[in-house]
Colleague: 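Take a look at this one; I'll ask things after.
The structure displayed is predicted, hence computed values, not measured ones. Within every chain, numbering begins at 1; the chains are lettered A, B, ... in the order of the sequence lines, protein sequences first and strands thereafter.
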Amino acid sequence: MKYDFKKIESKWQKVWQNEGVYEPNLKEDKNSTLRPVRPAQGKRAQGKKASPFYNLMMFPYPSAEGLHVGNAYAFVGSDIYGRFRRMNCNDVFEPIGLDGFGIHSENYALKIGVHPAKQAKISEKRFYKQLASLGNGFSWDEKLETYDPAYYKWTQWIFTQLFKKGLAYRKKQPVNWCPSCKTVLADEQVIQKRQETRDKRQGITFGVCERCDTKVIKKELEQWFFKITDYAEKLLKNIDGLDWSEKVKVAQRNWLGKSEGAEIDFEIKTKEKPNFVLLHGYNGSPKGNFRPWLKKELEKKGYKVSVPALPNSKNPKVAEQVEYVLKHAKFDKNTVLLGHSLGAIVALKVLEKLKQPVWRSVLVAGFVENKFLDHDRFDENTFDWKFNAKRIRANVGDLHILRDTTDEVVPPDQAKKLQNLFGGAVAEFAAQEPHMCGKQEPEVLRSCVDSIRVFTTRPDTLFGATYMVLSPENPLIQNLESRIQNLVEVKKYIKKAKAKSEEEKIAEGQVKTGVELKGIKAINPANGKEIPIWIADYVLTGYGTGAIMAVPAHDERDFEFAKKYRLPIINVIEPETGKSLPNEEYRRSIVAIVEDVKTGKFLTLNWGQKLGGTLFIGGGIENGEDEIKAAIREIKEETGYIDVKFVAKTERMHHHYFAFSKNVGRNINAVGLHFHLSGDKKEDTKLQEYEKFEIEWLTKEEILQKVEDENHILSFRRLILGEIYIGSGKMANSGKFNGLDSETAKWEITKFVGGKRKTQFRLRDWLISRQRYWGAPIPMVYCEKCAASGKGERKEMPGWYSVPENKLPVKLPFVKDFRPKGTGKSPLATVKSFYETKCPKCGGKARRETDVSDTFLDSAWYFLRYPSTRSARSGQVPWDKEITKKWLPVNMYIGGAEHSVLHLLYSRFLTMFFKDIKLTNFDEPFTKFRAHGLLIKEGAKMSKSKGNVVNPDKYIKNFGADTLRMYLMFLAPFEQGGDFRDAGILGIKRFLERVWKMGTQATFAEHPANNRKIKQALHATIKKVTEDIGELRYNTAISALMILLNEFEANPGNVTKDDFENFLKLLAPFAPHITEELWYRTQINADGHADKRRYISENLRSNQRKSAFRSIHLEKWPEYDKNLAKSETFTLVIQVNGKVRDSVEAPSGIGKEEAEKLALNSEKVKNIIKSGTAKKTIYVPGRLINLVV
RNA sequence: GGGCGAGUGGCGGAAUUGGCAUACGCGUACGCUUCAGGAGCGUAUGGAGAAAUCCUUGAGGGUUCAAAUCCCUCCUCGCCCACCA
């Protein structure tokens, strides 16, 4: 009978679906005879409930031209695992859905000119049909699509929950902008590409859009962010406990990028010293609030401070107070005038009257209108509330407006109004006490005396900080503008850096550029030295504080920059290698590297392996000698060369080693010296007995290969390769810290300069906003009226409200022209009926947020929804609590390696958040994760642009789903990926044809004469296949099945029906249709009810589930018998001196003596070993024997 | 530049607590069968050699009775990250 795969496959796909073979018991209320909670067969299964197993594969983007063989590869691989678990007594849930919201799908819709909403329906149908044809055990009842309003209602709801907990916020920031997609991209979605150049070493890179490969530019926009950084520590810590591939774990750790270091403030010094006038506010005095503290701090720094006691502070008249201030305080061009609250108004009025500008003005919680949040404080007599803005602007100097985001007195719009009137910069932050009334307000001090805060992982190198660098976007630069002497040049650099086009960046490459801020200096807090301040774009704005202390002696980037701009380099760490000998004194010594300039080779002494290998010339320094003299003497004594010229030397190194030639341990302080050989003249050497070495001249490469001594190689790297030392060691040039171990010194120095230990993460907050159409609208509303009065759902974000749950989803309206506009706004911003709405609080006119959320948000929680999609409560809750408790976390998650950072990280973040707000009871969403490999086509990545995308339909049509499935899995290990070539698929087809032939034509023996060999092969195969599937090594599992079939065919009379049935079960996860058909046939033949075939098809139509036949996919997985799996004999390999000479069949379990006897009996061995005995015998039980003669 | 991983027949790959290198499959050659289909079956198939035998896991070196596997140096390729202080 012919193997008609088409008929078989479509038949069983229908049966499975109608019988609900792959529908798990999501709740305890479903029933079917075909369910995995099985009644009969298999003693183990009896009476025992199958435990839930959530087997998940990442859902696909249905944006492409249909399913791709790469999708098929991934889904089949996941399905095999699921089927394996199902046969191992698990109730397996294997859902499927589509991630069809987002830029991928929208771009595809744009390309083919169909509206994405329409295209989604077309793609959906097509994808599901194609997925079904693979024969996977999907739970088709629980599909979901991310663009379904029933789904994105909850995506939006999650957004509102994050907002309520302060984890969703808005921020203006230069963001990555893709000019082609016309939307912002998260940092993660920008791929760094290397420009092709002749010189490969020059690392010229530029960012391109993940989706369309367009070069990304920077744009400043206000955006929504999720505060994923709040979970950085937990995201990192939990990684250790996950059963994920190590590679993915490493990638996640790197992405989080934790580093331990310190934050240190460097004070800024300008040419002339400022003096301070501090004005208190309403009902205050020089002793009130924070001013005594501020005065003390300023005086400690050596500044003059005056704090006038303003008259009638309880019943103030501003004119009177201004008079008083002008009389009691002195103002000049170096004055810093600070006013708190009403004092800020006094300050402004004072400025109006001054003849000349002050250096700086600081308005702390100031205001311009007689409007307050608590009540109206001041009557009309206080003053006229009119300002001469022109005069104030002229005198105000560098203006700082400080606003407390938790202020309970001053309305939040006042700071903005002050800025509009008088210019300056607004700094917003949460004060220690509302209205900045704390006993200490460090931010206030920071705005009075400028300092640069840096983050460093190497506070131990602080004494070596010889300059500082600010990133071009650092806001401090603006504050200091008035003191920068070369402002024009600086501004030019900033402008260039900010708007740096990709072309320019490419032209510049990694060459560092920068410009010094002239007229200002920073003070190194360790030694009080003045150091220059630079701005350079090698310092990033988004990391740490956007400023660094540069230690060119111990940091490669700083070193490169310092070399280019001739900045001083001070060494503060001396290398230390080996383990120190406690009771040994330190000897001063040298390492001399002699270079022959003509040949470019270096003089080395080869002492032989036992005597320390290859070394440069070394030796001690004798009394009265300096390092150079000692080195010259040693060169002469050991090699005879006398014409050497000193070139350079290293700093001191601490070294602990064992001196082989003298047979003693030593502590030494060594200095490496570089000499040029200037002549070949040699004198006789006076070598001692023990000084046995060969002189060798070696090239650079050879030295790196042969010289192992750390001390010597360090000298070579420093002197010849010009590398700097970035490791740890002993402190030097660091005052009282000299000699200390640098690891200890890190925290001692931090303490010494008043710095703070700080943990810094590389991870940034998650940028959510997308200026596109095809996505879930961000469910937020902005009310201008509420904003003006400081009202809002969250204090720190006046005017913003989340859409209440009963108003969700915010449906995406149908917009005919959905193309991105490139204005920085979503197409939704053109739809009045969409954005016009009412304020949920005051009912007034309000505006909806028109951006949509990042696609990654859609996919960051879908696994939680799957089991609950068809639950009765699915409209009221995002997920059913009971079901979730039963089915989550996901037991096995398989997906592409390209998602090993972002998608998994975002999912983990949300899962942790859900647990924190008590929606779930687990921290981690995916217990086990494995990344499948990439399927390539004839050596190249499959891509639409290359036109080499393989559509699986053709293969299913020509060969059948079973053949395609097995072929894909046979290519290579599943986690490695494979190369899809047409050649080779015939091998699998032949295999299945042979299986078919055996299943339909063979007559199985009932009592075979010799079944032992077959049983042994079968049980060995069960073992192998079971282990391999567990490790996703499907290729070797299939190979084992082929070997077993070969064995069956070679012994036709000895195979029982039971043997063959076990074989079918092992094959079932790989080829579900053919095995089901053959299984069905064996079952029928067994009890002679030939009409059962009809019975099941009738059943299909009547939908009665009374079938006596049970699917092979619900059968119990075979178990192997350890004893049967073992062979009775084995091939004893006989080696002589490690070479294979013969092999004999020997009974399993023989001992060494018997094996030796067998070996020595071999004719071939006798020919080689004439003596007939072996000096030594190594016997590896069950494998080989090696005779050494 | 950093991190991770990989280099084995003509090809995909197997063998990793060190123990017969090249399983399984493709391809190829020859033969059989078949009115012929790109089918089926059988045999052979790492290289050199008439043979004994020798050589062979990217290159070189080391450890070991024994190395694809462990160690060192280098080369090549792939993936990820990339001025993260």
Colleague: Indicate yes or no: does A:Arg1033 engage A:Glu1027 in a salt bridge with an N to O separation below 4.0 Å.
Modeller: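 No, this pair does not count.
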Colleague: Would you mind pulling out the nucleotide paired to B:A59, Watson-Crick or G-U wobble, both distances under 3.5 Å?
Modeller: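 Per the H-bond distance test, B:U73.
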Colleague: Can you tell me how far P in B:U64 sits from the matching atom in B:C74, rounded to whole Å?
Modeller: 24 Å
Colleague: I'd like to know if the side chain of A:Tyr73 reaches the main chain of A:Leu968, judged simply by a donor and an acceptor atom lying under 3.5 Å from each other, with no hydrogens or angles considered.
Modeller: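 No: the side chain of A:Tyr73 does not pair with the backbone of A:Leu968.
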Colleague: Check this for me: A:Arg1183, atom CZ, are more than 12 non-hydrogen atoms of other residues, nucleotides or ligands nearer than 6.0 Å?
Modeller: no
Colleague: Does A:Lys1176 have a side-chain nitrogen or oxygen under 4.0 Å from the phosphate oxygens OP1 or OP2 of B:A66?
Modeller: no
Colleague: If you check the A:Thr1131 side chain, which of B:A14, B:C20, B:G12 turns out closest?
Modeller: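 The answer is B:C20.
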Colleague: Among B:C81, B:G3, B:A23, which nucleotide sits nearest the side chain of A:Asn254?
Modeller: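 Among B:C81, B:G3, B:A23, the one nearest the side chain of A:Asn254 is B:G3.
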Colleague: If you measure from the P atom in B:A59 to the same atom in B:G7, how many Å do you get, rounded?
Modeller: 13 Å
Colleague: Can you check the distance between B:C55 and B:U76, where both ends of the measurement are the P atom (answer in whole Å)?
Modeller: 30 Å
Colleague: Is B:C65 paired to anything, Watson-Crick or G-U wobble with both distances less than 3.5 Å, and if yes, which nucleotide?
Modeller: B:G19
Colleague: Can you measure A:Phe974 atom CZ to B:G12 atom P for me and round it to whole angstrom units?
Modeller: 20 Å
Colleague: Is the glycosidic torsion of B:G7 within 90° of 0, making it syn, or is it anti?
Modeller: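 Here B:G7 takes the anti form, which means its glycosidic angle is more than 90° from 0.
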Colleague: Could you please name the partner base of B:G42, counting Watson-Crick and G-U wobble pairs only when both distances are under 3.5 Å?
Modeller: B:C30
Colleague: So, applying ring-ring contact (aromatic ring centres under 6.0 Å, His included) with A:Tyr967, which one of A:Phe991, A:Tyr1034, A:Phe980, A:Phe1070 is it?
Modeller: A:Phe980
Colleague: Please state the C1' separation for the pair B:G9 and B:G19 - nearest whole angstrom.
Modeller: 23 Å
Colleague: Please enumerate all protein N or O atoms sitting under 3.5 Å from an N or O of nucleotides 33-43 of chain B, with distances to 0.1 Å.
Modeller:
from  : atom 1 : to       : atom 2 : distance (Å)
B:G40 : OP1    : A:Arg990 : NE     : 3.1

Colleague: Taking donor-acceptor contacts at under 3.5 Å, does the side chain of A:Lys247 reach the base of B:C79?
Modeller: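 No.
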Colleague: Side chain of A:Pro973 only, heavy atoms from C-beta on: which candidate in B:G13, B:C83, B:C24 is closest?
Modeller: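 For A:Pro973, the side-chain atoms sit closest to B:G13.
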Colleague: Check A:Asp265 with A:Lys756, please: is the shortest side-chain N to carboxylate O separation under 4.0 Å?
Modeller: no
Colleague: Using the rule ring-ring contact (aromatic ring centres under 6.0 Å, His included), only one of A:Tyr565, A:Phe266, A:Phe561 pairs with A:Tyr467; which is it?
Modeller: A:Phe561
Colleague: My understanding is that a pair needs two contacts under 3.5 Å, Watson-Crick or G-U wobble. By that rule, which nucleotide pairs with B:A82?
Modeller: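 Matched B:A82 with nothing under the 3.5 Å cut-off.
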Colleague: Does B:A85 have OP1 or OP2 under 4.0 Å away from a side-chain N or O of A:Ser259?
Modeller: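 Indeed, a polar side-chain atom of A:Ser259 lies that close.
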Colleague: Tell me which nucleotide, if any, is Watson-Crick or G-U wobble paired with B:A48 when both distances must be under 3.5 Å.
Modeller: B:U53
Colleague: For A:Val1180 and for A:Gly977, find the nucleotide of RNA chain B with the closest heavy atom, then tell me which residue's nucleotide is more 5'.
Modeller: A:Gly977
Colleague: One thing to verify: whether A:Glu560 and A:Lys564 come together as a salt bridge, which I'm taking to mean a side-chain N less than 4.0 angstrom from a carboxylate O.
Modeller: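 Between A:Glu560 and A:Lys564 there is no salt bridge, as every charged N stays at least 4.0 Å from the carboxylate O atoms.
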Colleague: Rounded to whole angstrom, note down the C1' distance from B:G49 over to B:A39.
Modeller: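 After rounding to an integer number of Å, I get 39 Å for this pair.
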Colleague: Answer yes or no: does a side-chain N or O of A:Tyr538 lie under 4.0 Å from OP1 or OP2 of B:A85?
Modeller: no
Colleague: What are the two closest heavy atoms between A:Thr750 and A:Pro459, and how far apart are they?
Modeller: OG1-CB, 3.3 Å
Colleague: More 5' along RNA chain B: A:Arg1141 or A:Lys1024, using each one's nearest nucleotide?
Modeller: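 Upstream on the strand: A:Lys1024.
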Colleague: Would you classify B:G37 as syn or anti? Syn applies when the glycosidic angle is within 90° of 0.
Modeller: syn
Colleague: From the options B:C83, B:G13, B:A85, select the nucleotide whose nearest atom is closest to the side chain of A:Ile548.
Modeller: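 Selected nucleotide: B:A85.
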Colleague: Looking at every strand, decide which applies to A:Ile1043 at a 4.0 Å heavy-atom threshold: base, sugar-phosphate, or nothing.
Modeller: sugar-phosphate
Colleague: Could you tell me how far B:U17 sits from B:A67 if I compare only their C1' atoms? Round to whole Å.
Modeller: 14 Å
Colleague: Less than 3.5 Å apart, any donor N or O on the side chain of A:Ser259 or A:Tyr543 sitting next to an acceptor on the other?
Modeller: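 Distance-only check passes for A:Ser259 and A:Tyr543.
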Colleague: Report the nucleotide, chosen from B:A21, B:A66, B:A85, that has the shortest atom-to-atom distance to any side-chain atom of A:Leu540.
Modeller: B:A85
Colleague: Give the nucleotide from the list B:A66, B:G12, B:C83 with an atom nearest to the side chain of A:Asp537.
Modeller: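 Per side-chain heavy atoms of A:Asp537, the pick is B:C83.
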